[in-house]
Amino acid sequence: MEMIDLSRLEPQETLNHTSKGNQLKWKCYGYWYKADHMGYEGLAETIVSALLGKSTVKYPFVAYEYSQIKYKDRVYSGCKSADFLADGYDLNSVGKAVSEIYRREPCSRYSASRGNQESDKISGKLR
């Protein structure tokens, strides 16, 4: 397993990039490095990448490799991937994209007192 020392770099701004917004990320030498925050993210992404690589899925996906990251006085488990962003693009999470959709068109909450009448209607819009 590779270990890279990223102590001389500052992590990328991660606010609103992940569902929790707190995973350390660095872009360095054409790769993205992500440090585990909860202890398993890098391994999970590496396993999913390996499964997708063996599958017949026809959609592009980001391949991750498990790695160790030294940052200042700590060593993190994590993963790395080739830089997947085209020039002029930024990181965006599924959570952030869904929030953008619902901010434009809010979804009503289920209410037991009024039943689920609005949700029972089938339409092109979320209610």
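All residue numbers refer to positions in the sequence shown, counting from 1.
- Using modelled atom types and a 3.5 Å distance limit, the side chains of Tyr33 and Ser67 yield no donor-acceptor pair.
- Contact detail for Gln23 and Ala35: the closest heavy-atom pair is CG-O, 3.0 Å.
- Remark: Trp26 CH2 to Trp32 CH2 distance equals 11.5 Å, nearest 0.5 Å.
- Among all heavy-atom pairs drawn from Met3 and Val75, the shortest one is CE-CG1, 3.7 Å.
- The two residues Ser49 and Phe61 come nearest to each other via the heavy atoms O-CE1, 3.7 Å.
- Taking the centre and axis of the six-membered ring of Tyr31, the NZ or CZ atom of Lys80 falls inside the cone set by 45° and 6.0 Å.
- Rounding to the nearest 0.5 Å places CG of Leu24 at 12.5 Å from CG of Leu9.
- Considering every non-hydrogen atom in both Val62 and Ser81, the closest pair reads CG1-CB, 3.5 Å.
- Shortest non-hydrogen contact noted between Cys79 and Thr46 is CB-OG1, 4.1 Å.
- Of the inter-residue distances, the one linking Lys70 atom NZ with Leu6 atom CG reads 10.0 Å to the nearest 0.5 angstrom.
- Of all non-hydrogen atoms in Ile69 and Gly78, the two that sit nearest each other are CD1-CA, 4.5 Å.
- Between atom OH of residue Tyr76 and atom NE2 of residue His37 there is a gap of 10.0 Å, rounded to the nearest 0.5 Å.
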